[in-house]
There are 2 protein chains.
Amino acid sequence: MTKEKYGNKLKDSNLKVTPQRTAVLEALDNLKDHPTADKIKEYVVKNNPNIAVGTIYKTLETFVEKGMVNRVKTEEGVMRYDAILDRHHHLYCEETKRIEDFFDDELNEILIKYFEKKKISNFAIKDIKLQIIGTFDSKKN
Amino acid sequence: MTKEKYGNKLKDSNLKVTPQRTAVLEALDNLKDHPTADKIKEYVVKNNPNIAVGTIYKTLETFVEKGMVNRVKTEEGVMRYDAILDRHHHLYCEETKRIEDFFDDELNEILIKYFEKKKISNFAIKDIKLQIIGTFDSKKN
DNA sequence: TATTAAATAGGAATAGTTCTTATTTAAGAT
DNA sequence: ATCTTAAATAAGAACTATTCCTATTTAATA
């Protein structure tokens, strides 16, 4: 059932359906935490012990090109990936380096309106992302 | 005169005044373009041909720790540095990868007010940064 | 089932950054 | 002005994340 879901997703993007790609998609779907390539590998290896690291990177690159996945900017210089494509922002925890999604349509509205009114000269905006930096309350960690 | 300025800045942060640190500060002051460590080295080497790469990295790390410099998140996995500490946002050019500063106090006000009203549960906000993604008009490039 | 372009494994290569250690130096004490 | 010492630096090795290379395998289609 879910396997099929991933297959369809790949077909939709005109990609051949391979076990490796399916596995990476599955990993992205389950690792909600903006995983690094390495975390994805850890997950994928469970069921695909022979997968090569290069394949994971290649696959992720392909997904990014096809717009199925986004890269997430971090301050540590390791790439992280995000399978959620709906417009959202990120909460960055300074202490734990955890990155969490933040959805807020009202905020998006405000931003869009603001930049419609106040254009930036010589710059065409395609997207706006907030990095909300701070710390999670200790209780929740 | 300016050399002295850098010296004082270092003293203010309780750092020994060395030619290497002064040179890196000078580079950061002149390379407005959110330079990478490599660009900084290129600049510094002009007057300090013997400076070691490691020293530049170490120095930058020290400056970041002391809060004299910020790291800038990028999507390419290379670290970039920013000597401007005033609250500001960044314009990311998708085509050229240029990163430019964007100052807008009105926008900051709006954001601060918005998040005062609408708190994020379990998260204490320390800073908010906008990544404004798009392209510069070709004329200006 | 055969064909073929595309995908993968495996490992080497690269780039950016950090680490290690012997040597040098800035800054305070004498 | 010189001595002392902890801190900073040079030089290059080591490490890590990522990309590249190529022979082999495979998915999709005929």
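Atoms considered below: every heavy atom in the structure, side chains included; atoms not considered: hydrogens, waters and symmetry mates. Numbers restart at 1 for each chain; the letters A, B, ... are given by sequence-line order, proteins then strands.
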To the nearest 0.5 Å, tell me how far A:Leu60 CG sits from A:Tyr81 OH.
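Output value for this atom pair is 5.0 Å.
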Spacing of NE2 belonging to B:His90 relative to CG belonging to B:Asp82, to within rounding of 0.5 Å
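Between B:His90 NE2 and B:Asp82 CG, I get 4.5 Å after rounding to 0.5 Å.
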Interatomic distance, [X] [atom1] vs [N] [atom2] [rounded to whole Å]:
{"X": "A:Arg21", "N": "C:dA7", "atom1": "CZ", "atom2": "P", "result": "4 Å"}
{"X": "B:Glu76", "N": "D:dT19", "atom1": "CD", "atom2": "P", "result": "11 Å"}
{"X": "B:Asn14", "N": "C:dA27", "atom1": "CG", "atom2": "P", "result": "12 Å"}
{"X": "A:Asn48", "N": "D:dT26", "atom1": "CG", "atom2": "C1'", "result": "14 Å"}
{"X": "B:Lys41", "N": "D:dA10", "atom1": "NZ", "atom2": "P", "result": "11 Å"}
{"X": "B:Leu15", "N": "C:dA27", "atom1": "CG", "atom2": "C1'", "result": "13 Å"}
{"X": "B:Met79", "N": "C:dT17", "atom1": "CE", "atom2": "P", "result": "6 Å"}
{"X": "A:Asp38", "N": "D:dT18", "atom1": "CG", "atom2": "P", "result": "9 Å"}

Is any side-chain N or O of [X] closer than 4.0 Å to OP1 or OP2 of [N]?
{"X": "A:Thr55", "N": "C:dA7", "value": "no"}
{"X": "B:Gln20", "N": "D:dA10", "value": "yes"}
{"X": "B:Tyr57", "N": "C:dT17", "value": "yes"}

Between [options], which nucleotide has the shortest distance from any of its atoms to the side chain of [X]?
{"X": "A:Thr18", "options": "C:dT8, C:dA27, D:dT18", "answer": "C:dT8"}
{"X": "B:Val17", "options": "D:dT18, D:dA10, C:dA27", "answer": "C:dA27"}
{"X": "A:Pro19", "options": "D:dA27, C:dA27, C:dA9", "answer": "D:dA27"}

Residue mapping more 5' on DNA chain C - nearest nucleotide basis, A:Thr59 or B:Gly77
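So the residue in question is A:Thr59.
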Map B:Lys11 and B:Arg71 onto DNA chain C by nearest heavy atom, then report which one ends up closer to the 5' terminus.
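Of the two residues, B:Arg71 wins.
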Please determine if A:Lys113 forms a cation-pi arrangement with A:Phe115, meaning its NZ or CZ atom is less than 6.0 Å from the six-membered ring centre and no more than 45° off the ring axis.
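Pair A:Lys113/A:Phe115 does not count as cation-pi.
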Should the pair A:Arg98 and A:Tyr92 be classed as cation-pi, given the thresholds of under 6.0 Å to the six-membered ring centre and 45° from the axis?
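Checked: cation-pi criterion not met.
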Mapping B:Pro49 and B:Lys16 onto DNA chain D by nearest heavy atom, which one lands closer to the 5' end?
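Going by which nucleotide is closer to the 5' end, it is B:Lys16.
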Short N-O contact, A:Glu106 and B:Lys118, less than 4.0 angstrom
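Result for this pair is yes, salt bridge flagged.
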